[in-house]
Amino acid sequence: MSNSAQIGVTGLAVMGRNLARNFARNGYTVALHNRTAARTHALVEDFGHEGDFVATETAKEFVEALERPRRLMIMVKAGEPTDAVIQEFAPLLEPGDMIIDGGNAHFEDTRRRERDLRGQGIHLVGTGVSGGEEGALNGPSIMPGGSKESYASLGPMLEKISAKAPDGSPCVTHCGPDGAGHFVKMVHNGIEYADMQLIGEAYQLLRDVAGYSPAQIADIFRTWNTGRLDSYLIEITAEVLSHVDAATGKPFVDVVQDRAEQKGTGRWTVQIALDLGVPVSGIAEAVFARSLSGHADLRAASRELVGPQAKPLGESEAAAFADRVEQALYASKIVSYTQGFHEISAGSDQYDWDIDLGAVSAIWRGGCIIRAAFLDRIRAAYDARPDLPSLLSDETFAQEIAAAQDDWREVLVAATRQGVPAPGFSAALAYYDALRADRLPAALTQGQRDFFGAHTYRRVDREGSFHTLWGGDRSEVEA
Ligand code: NBP
């Protein structure tokens, strides 16, 4: 049927297939296309009963199946495949049509593609989609960028298929022009890395310092999940930890190789943060921790390095320690989100995106991997004060960290004493202490830079730049 589909999806692997089904289940007619036509036919065969699908084989048929202005969603592997697909379809489109890239594109690629297509009057809508294949089917958190005009046409459809937050609001917002959506998705993934690392550290400490078994730790996580740490990642952590390997009868976590993989969005978050000059030390530690875990040879060569002699805690001390770990985890998590939101705010300033941080925290409350009860409170903090310089400046979060800090420090003392690496907890605490410090050793750094490179420094008591004649009589001159 020509011109009848309200949306088309090309790229029908797990994500595209499930998004297409989600649109169809919500009453939209969905045109289908995939480089390898077998996937298109398999979808119709397996799920055709779920809604109205128009299966197409060629690019021309696909484009002709769409109502105008056309909404064409690309769900292919990010990078060159996305460019290839855009090159294939763009010549067949007309001004006002929309190409929605729902893959994990780098936001700079999205900016380039948006610029290139704008000349032709085509809207490129770079859209972050989070929630994995389950979210794509039942409701993801969606982070679209692109023009306001495109959002006016597309937004209501995205709102319909998106996850709904606990208060019923759709987990989708127009993040801002060109690459804003993919930028927000990138930082979302960076925060996800940090969250997972912190949870991993909590687990390791409960195991090595407190002496709990994976099953006992699963119970502890289940309890935490009923409180302020209530989140998808804590929930699935308990599931993974309580799972027993059928082949060996051992805890599943003990039969999995301890080498974490990554696809790149965490790394991008850190690379871009470095370019923007934003300290995202928690996210960086999470990326580095995955990287270190993968260096099997280096780790094997280091097994003989000497650690401390330490015994796990006794039963009564262990329970108190677990409570402290909860405090440390919560405080470190607040710091991760503080750093992530700082990066979004810096990106928004750099690229003139005008991203609403409250709206971003609101759409992460459902559907996505980092969904968590406490995002409600982040939203409340930004809604109350959109110019909040940092989440840590919010009174409630500051009070909670103040209440947690003694335990947080104690946990790190125990980790250090027992030789359990906790780079995420430690980086978060160092960030907190550095921000609240009266004076930082940066003054000394400036002195050293002036000594070896005449880089000059500023004084605390006078305006201007100064240089000390280090190689001469050490008098000071105005630079
Ligand atoms: P993949 O990332 O595995 O990509 C497979 C799809 O890309 C297939 O439809 C394949 O067609 C198509 N494709 C490739 Br590969 N090269 C192509 C080319 N040169 N021209 C046309 N099509 C090409 O699929 P996915 O895991 O469903 O993810 C889709 C997008 O969503 C990715 O950008 C991913 O990063 C993003 N994402 C994934 C998740 C997740 O949980 N998996 C979550 C959020 C976002 P073929 O069938 O002919 O080989």
Side-chain angles (χ1 to χ4, degrees), residues 8-23 30-47 55-63 72-92 99-110 113 124-145 158 161-163 171-172 179 181-193 196 232-233 236 261-269 363-364 366-371:
V9 181
T10 182
L12 300 173
V14 281
M15 290 296 287
R17 182 188 60 201
N18 282 359
L19 276 173
R21 289 173 61 198
N22 189 348
F23 278 116
V30 186
L32 303 172
H33 177 269
N34 193 68
R35 179 179 61 175
T36 314
R39 279 200 208 268
T40 312
H41 299 305
L43 197 164
V44 175
E45 207 161 291
D46 296 341
F47 305 106
T56 69
E57 292 208 0
T58 66
K60 188 164 175 291
E61 275 171 28
F62 181 55
V63 168
L72 188 160
M73 186 157 201
I74 304 180
M75 288 308 296
V76 302
K77 198 171 160 66
E80 280 172 24
T82 307
D83 281 315
V85 172
I86 290 175
Q87 273 165 26
E88 186 182 4
F89 287 102
L92 306 173
I99 295 181
I100 305 125
D101 175 14
N104 270 337
H106 192 290
F107 77 96
E108 289 285 17
D109 285 338
T110 303
R113 291 168 185 147
L124 190 273
V125 186
T127 301
V129 179
S130 176
E133 58 178 306
E134 204 273 332
L137 183 62
N138 296 316
S141 173
I142 312 178
M143 295 150 252
L158 296 182
I161 68 149
S162 74
C171 292
V172 55
H182 277 140
F183 189 95
V184 168
K185 172 68 186 341
M186 173 188 79
V187 177
H188 163 284
N189 286 21
I191 292 175
E192 176 185 311
Y193 273 56
M196 291 170 70
Y232 173 70
L233 281 170
I236 65 163
E261 296 178 7
Q262 46 185 319
K263 281 193 171 165
T265 40
R267 191 175 64 238
W268 291 348
T269 310
I363 65 163
W364 287 349
C368 65
I369 306 297
I370 64 170
R371 60 185 182 262

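Both ligands and their constituent atoms are indexed starting at 1 by order of listing.
- Remark: the backbone N or O of C368 is not paired with any side-chain donor or acceptor of H188 at under 3.5 angstrom.
- Those atoms of ligand 1 that come under 4.0 Å of a heavy atom in M75, given as number and element, are 29 (C), 31 (O).
- Some N or O of R39 is nearer than 3.5 Å to an N or O of ligand 1, by distance alone.
- Nearest-residue assignment for atom 48 (O) of ligand 1 (options D101, V14, T36; heavy-atom criterion): T36.
- Contact between T10 and V76 at its shortest, heavy atoms only, is O-CG1, 4.1 Å.
- Contacts between N34 and ligand 1 below 4.0 angstrom, taking non-hydrogen atoms only, involve the side chain exclusively.
- Annotation for F47: atom CZ counts as buried by contact number, over 12 foreign heavy atoms lying within 6.0 Å.
- Considering both main-chain and side-chain atoms, A84 never comes within under 3.5 Å of ligand 1 through any nitrogen or oxygen pair.
- Distance check: N189 CG to S130 OG gives 6.5 Å after rounding to the nearest 0.5 Å.
- Among protein heavy atoms, atom 44 (C) of ligand 1 sits closest to V129 O, 3.2 Å.
- Panel note: side chain S141, backbone I363; a donor-acceptor pair is recorded below 3.5 Å.
- From the protein, the heavy atom lying nearest to atom 17 (C) of ligand 1 is R35 NH1, 3.3 Å.
- Remark: D109 CG to L124 CG distance equals 10.5 Å, nearest 0.5 Å.
- The option from N104, L12, T127 that lies nearest to atom 35 (O) of ligand 1, judged by heavy atoms, is N104.
- Counting heavy atoms under 4.0 Å from ligand 1, residue V85 touches it through the side chain alone.
- Atoms of ligand 1 lying under 4.0 Å from at least one heavy atom of G132, given by number and element, are 41 (O).
- For a threshold of 3.5 Å applied to N or O pairs, the pair formed by M15 and ligand 1 contains at least one separation below that value.
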